[in-house]
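Remarks on the structure that follows.
In each ligand, atom 1 is the first atom listed, and ligand 1 is the first ligand listed. Numbers here simply count residues along the sequence, with the first being 1. This one's a predicted model, so the numbers in the text were calculated from it and none came from an experiment.
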Amino acid sequence: MTPAARQVGQSVHRPPGDWLLRRVGHSGPIVLAGLACLYLLIPTAETWAGTVPLLVGLLIGLPHGAVDHLVPAWISAPARSLRITVGLLLAYAGTAAATVALFLWAPVPALTGFLILTVLHFGTGDVAYRAERDGQAPVRPVLAVLAHGGPPVVLPIALWPGTVDPLLDAVAPGAASAFAPAGRLIVLCVVLLAVVVTGLRELTARRGADVAALAILVAAFALVPPPLAFGGYFAAWHSARHVARLLRADPANRHHLAAGRLGGPARRFARQAILPTIAALAGLLVLVHVSASPTVGPATAGPSQETPFQLVFAVLAGLTVPHAAVVNRLDARMAARITGPVGRCPIRRAGSGYDPEWGERGRSHHRFALAAAEEMTTVTARNDREECPMPSTTMPMLETYPKSINLDRTKLAATIDALDDCAQACTACADACLSEDMVAELTKCVRTNLDCADICATTARVLSRHTGYDANISRTLLEACVTACKACGDECAAHADKHQHCRICADACRACERACRELLATIA
Ligand SMILES: CC1=C(/C=C/C(C)=C/C=C/C(C)=C/C=O)C(C)(C)CCC1
Ligand SMILES: [Fe+2]
């Protein structure tokens with residue numbers, strides 16, 4: 001059975017596309033191992049291992065940051081995602097401009113900060129990739145981040161001063177001498193220590209392939225000239241893993257990935273990334289041209305003393321900083337989503353719809369929506385451990401809807417769950433009322449219970465249908481729910497001190513009323 005077929009067969013337990021994560025995960029180690037072998041076998045490779053491989057690697061990797069602005073569109077309602085996308089683009093441009101200014105004003109501190117950021121970005125990228133692939137976050141993420149993100153940056157600087165120092169000075173004049181040999185050695189030792197501890201942890205956890213990947217990473221950056229190693233790493237390791245995760249994050253790819261097809265998602269990504277990539281490339285080329293011209297280039301006296309390379313690198317860093325910020329935030333949300341709040345049931349707790357303490361984080365997790373089925377995997381695993389109630393299938397079902405949904409999926413899922421909870425509580429409360437000795441005093445309660453149960457159940461069913469969506473029907477039903485829940489909540493609350501079922505039902509009605517109002521606010 002192919003990995004894809006296996007996945008389709010157990011679609012509820014495995015997220016669509018984890019086969020892709022596994023497959024792509026091998027490309028980095030294979031390329032770096034190949035480069036290391038090539039370099040050991042053909043020492044003359046050094047002659048063509050100059051800046052060109054670095055540029056080629058960066059060019060191939062460039063598209064991985066080209067769709068950052070689309071992520072909001074994959075995870076929220078179209079009307080709001082446009083606003084988020086525009087806001088994100090403005091923040092992106094602002095951060096990029098500030099970074100470029102910092103690079104030109106204080107090149108050495110700026111470069112130091114950028115290199116630290118690169119370590120964190122690569123490290124968190126790997127940790128997030130692994131967490132997504134394995135369905136669990138590492139026990140010591142900081143150490144793992146350093147172990148995976150450190151080698152591509154620290155090893156070249158510490159072990160290849162002859163090659164790297166001219167590069168450092170080209171992008172930030174004075175950096176080579178500012179990075180003292182003792183400092184380089186100390187940072188190298190810290191990174192190697194992190195690698196050894198992380199490697200031993202992996203060994204104990206019997207993750208042989210991951211230990212091998214880490215060993216290849218270190219060996220390649222120790223053996224292969226930095227521009228070549230870095231180029232290979234950036235394209236085949238960092239960017240490839242990131243793109244694989246992006247493909248899974250795009251809800252439109254779910255069916256293809258679940259069926260083991262990569263062609264559609266790859267073409268879709270190419271379409272999404274092509275324009276921003278061309279724009280970034282064109283911008284960089286114009287920059288090289290302009291800054292190399294005699295009027296503003298290095299020959300000119302005054303403030304424009306920077307080399308073309310320095311300006312281009314500053315712009316590259318300027319694009320990377322907001323990219324790292326966007327990705328880091330999403331990674332953090334993903335990691336939190338995988339581990340969940342300690343001791344709580346994520347997603348949903350009995351009787352109260354969505355867990356308010358899971359709050360913003362939970363909402364964001366749904367928005368990012370790695371894969372609906374993964375939600376099930378994670379929650380089910382946690383339920384096994386922590387005896388949480390069965391998770392709702394509402395969000396996973398929404399995530400599998402093949403077309404776009406005109407409502408905020410998170411709020412919609414929360415409302416459907418709240419409606420179902422409320423309908424169940426109202427039905428049970430009416431039944432319990434009928435068995436009370438003082439049933440005569442509860443006739444109004446039974447009546448409002450049954451009205452509320454019917455209205456909520458009907459609304460939950462209508463809201464679960466999206467094809468040919470009619471906002472007027474949804475709005476009218478939600479308004480009826482608000483009225484029915486308010487009436488039933490008030491009536492039940494009046495008996496809450498005497499009857500536990502009325503207290504529980506009143507809570508469910510209030511929660512449902514709140515959820516309906518929130519959803520109404522998005523369609524009013
Ligand atoms: C300057 C410099 C380097 C280049 C760093 C670069 C080019 C980082 C780019 C990071 C990006 C673009 C991340 C986005 O995901 C090396 C090779 C570490 C060696 C030391 C000097
Ligand atoms: Fe990146």
Next item on the list: Could you check Val315, Leu316, Leu111 and say which one makes a side-chain contact (heavy atoms from CB on, under 4.5 Å) with Phe103?
Entry: Leu111
Notebook entry, point to check: So, Arg409 side chain and Leu398 main chain: donor-acceptor pair closer than 3.5 Å or not?
Noted result: yes
Next item on the list: Could you label the plane-to-plane angle of the His242 and His238 rings as parallel, tilted or perpendicular, counting under 30° as parallel and over 60° as perpendicular?
Entry: parallel
Note to self: Whether the Trp237 and Asp126 side chains hold a donor-acceptor pair (N or O, under 3.5 Å, no angle test) is what I'd like checked.
What the structure shows: yes
Please table the atom pairs, donor to acceptor, closer than 3.5 Å between any side-chain atom in residues 168-176 and protein atoms at least two apart or in another chain.
from: Asp169; atom 1: OD1; to: Gly174; atom 2: N; distance (Å): 3.1
from: Asp169; atom 1: OD1; to: Ala175; atom 2: N; distance (Å): 3.2
from: Asp169; atom 1: OD1; to: Ala176; atom 2: N; distance (Å): 3.1

Check: Got a donor-acceptor contact below 3.5 angstrom from the Thr95 side chain to the Pro322 backbone?
Finding: no
Next item on the list: Could you see which bit of Leu168 sits under 4.0 Å from ligand 1, with heavy atoms only: side chain, backbone, both or neither?
Entry: side chain
Notebook entry, point to check: Any side-chain hydrogen bond (donor to acceptor under 3.5 Å, both in side chains) pairs touching residues 98-112, not counting sequence neighbours?
Noted result: none
Check: For ligand 1, is Ile157 a contact, meaning one of its heavy atoms is under 4.0 Å away?
Finding: yes
Note to self: Using the side-chain hydrogen bond (donor to acceptor under 3.5 Å, both in side chains) definition, which of the options His148, Arg201, Arg133 pairs with Asp210?
What the structure shows: Arg133
Note to self: So if I count the atoms of ligand 1 from 1 in the order they appear, which ones are less than 4.0 Å from some heavy atom of His323?
What the structure shows: 14 (C), 15 (O)
Notebook entry, point to check: Can you check whether Thr522 reaches Lys411 side chain to side chain, under 4.5 Å on heavy atoms?
Noted result: yes
Next item on the list: Report the member of Tyr233, Phe122, Phe230 with the shortest heavy-atom distance to atom 8 (C) of ligand 1.
Entry: Phe230
Checklist line | Test side chain to side chain contact (heavy atoms under 4.5 Å, CB included) applied to Ile157 and Val187, step by step | finding: CA-CA 10 Å; Ile157 297 176; Val187 180; over 6 Å; no
Note to self: Suppose I only count heavy atoms of Phe313 and a 4.0 Å limit; which atoms of ligand 1 are within that range?
What the structure shows: 1 (C), 7 (C)
Note to self: Quick test of your reading: applying side-chain hydrogen bond (donor to acceptor under 3.5 Å, both in side chains), list the pairs with at least one residue in residues 314-323, sequence neighbours left out, ordered by first then second residue.
What the structure shows: His64-His323, Asp68-His323, His121-His323
Next item on the list: Could you tell me whether His64 and ligand 1 have an N or O pair separated by under 3.5 Å?
Entry: yes
Notebook entry, point to check: Can you find an N/O atom of Thr320 closer than 3.5 Å to an N/O atom of ligand 1?
Noted result: no
Note to self: To check your reading of the model: name the closest protein heavy atom to atom 9 (C) of ligand 1, its residue, and the distance in Å.
What the structure shows: Phe114 CZ, 3.8 Å
Note to self: Out of all atoms in ligand 1, which are within 4.0 Å of some heavy atom of His238? Include the element for each.
What the structure shows: 15 (O)
Checklist line | Enumerated ligand 1 atoms positioned under 4.0 Å from heavy atoms of Val164 | finding: 20 (C)
Item checked: Atom indices of ligand 1, in the order listed, that fall short of 4.0 Å to a heavy atom of His121 -> 14 (C), 15 (O)
Next item on the list: Measure from NZ or CZ of Arg184 to the centre of the six-membered ring of Phe179, then state whether that distance is under 6.0 Å and the direction lies within 45° of the axis.
Entry: no
Item checked: Shortest heavy-atom approach to atom 3 (C) of ligand 1 - which of Val327, Leu115, Val154, Leu155 -> Leu115
Next item on the list: Pull up every protein N/O/S atom sitting under 2.8 Å from the Fe ion (ligand 2), skipping waters.
Entry: His64 NE2, His121 NE2, His238 NE2, His323 NE2
